[in-house]
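Down below is the structure, laid out as structure tokens.
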Amino acid sequence: MTDALGRTRGVLVLGGTSEIGLAIARALVGRGARHVWLAGRDEAAMHAAAEALRPAEVHTRPFDALDPASHSPAIDAAFAAGGVDVVVLAFAVLDDQRTYEANPASGAAAASTNFTGGVSAGLHAAQALAAQGHGTLVVLSSVAASRPRRSNYVYGAAKAGLDFFARGLAEALRGTGARVLVVRPGFVRTRMTAGLRPLPFATTPEAVADDVVGALDRGASVAWSPSLVRWVAFALRVMPAALLRRLDRRR
Ligand SMILES: NC(=O)c1ccc[n+]([C@@H]2O[C@H](COP(=O)([O-])OP(=O)(O)OC[C@H]3O[C@@H](n4cnc5c(N)ncnc54)[C@H](OP(=O)(O)O)[C@@H]3O)[C@@H](O)[C@H]2O)c1
């Protein structure tokens, strides 16, 4: 719950080993958060991450985006334990587009994780936030959702769906006291992008976390990170298809 000064006291990270999710949790702990719930598949890695979240009390919960039955228990346990002001929907997978094309089942599994998992977990989290009457669901979308590209259209399609879903959910939550913040990072240097050629304005999980905290403070509904990638997304949307293809081929 938030304290008398409106500061975050509790944070739940769905995708509890995400580098960006953990950076957001650390930034909120730096601002006074006292409880962090990490929900994910890798118990050992979540325990290892707890050290960097001190002095907050860290709790872990099993959560698998591909197993909707795990969503409600993980989310409800965190809320039952005393209130969560910020839920970060941080899980996703990103594989090579050609891998998805060679093995359609792997593309479908990625879409299920990144979109269907987000819908299920997002709806559960929204219900819990609305029931307590305050708090923000932070949904990690992506600049990749701006326009389909040959190099990453399976990932981009799922992110576009998630972004659309999150904005609709924000409308549904109006009047409940709960909110949604859609975050659209550009290229962030994490294990997800290891080995990929960085895009212009490549950034770090810590910088994204700062942008998220700033957006939470402002009560914003959308945040680009860094803010300049809003114009990259605009350029991607309006650029002639032939130019987009040429740029995309260089990736
Ligand atoms: N890095 C970027 O450039 C970038 C840019 C824009 C948006 N984003 C988005 O930001 C978010 C965080 O990404 P990141 O860079 O922090 O990547 P990351 O460190 O690779 O984190 C991804 C997280 O997703 C979890 N995950 C994957 N499949 C899961 C499943 N079935 N169930 C539960 N958890 C699952 C991973 O858990 P395990 O440890 O169990 O694998 C990991 O915690 C993602 O939504 C990503 O799409 C990233």
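Both ligands and their constituent atoms are indexed starting at 1 by order of listing.
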Check whether V86 and L22 end up in the same hydrophobic cluster, where Ile, Leu, Val, Met, Phe, Trp and Tyr are linked by side-chain heavy atoms less than 4.5 Å apart.
-> yes

Which residue pairs pass the ring-ring contact (aromatic ring centres under 6.0 Å, His included) test when at least one of the two sits in residues 55-95, sequence neighbours left out?
-> H35-H59, W37-H59, F63-H71, F63-F91

Would R191 and T17 count as having a side-chain donor-acceptor pair, cut-off 3.5 Å?
-> yes

Near ligand 1, at a heavy-atom separation below 4.0 Å: residues by chain and residue number = G15, T17, S18, E19, I20, R41, F63, D64, A65, L66, A90, F91, A92, V93, T113, L140, S141, S142, Y155, K159, P185, G186, F187, V188, T190, R191, M192, T193

Indicate every side-chain donor-acceptor pair of residues 221-242 with a distance under 3.5 Å to a residue at least two apart or in another chain.
from : atom 1 : to   : atom 2 : distance (Å)
S225 : OG     : D211 : OD2    : 2.6

Counterpart residues, salt bridge (Lys or Arg N to Asp or Glu O under 4.0 Å), relative to R184 (two or more places apart) | D163

Without hydrogens or angle criteria, can the side chains of S151 and D248 be said to hold a donor-acceptor pair below 3.5 Å?
-> yes

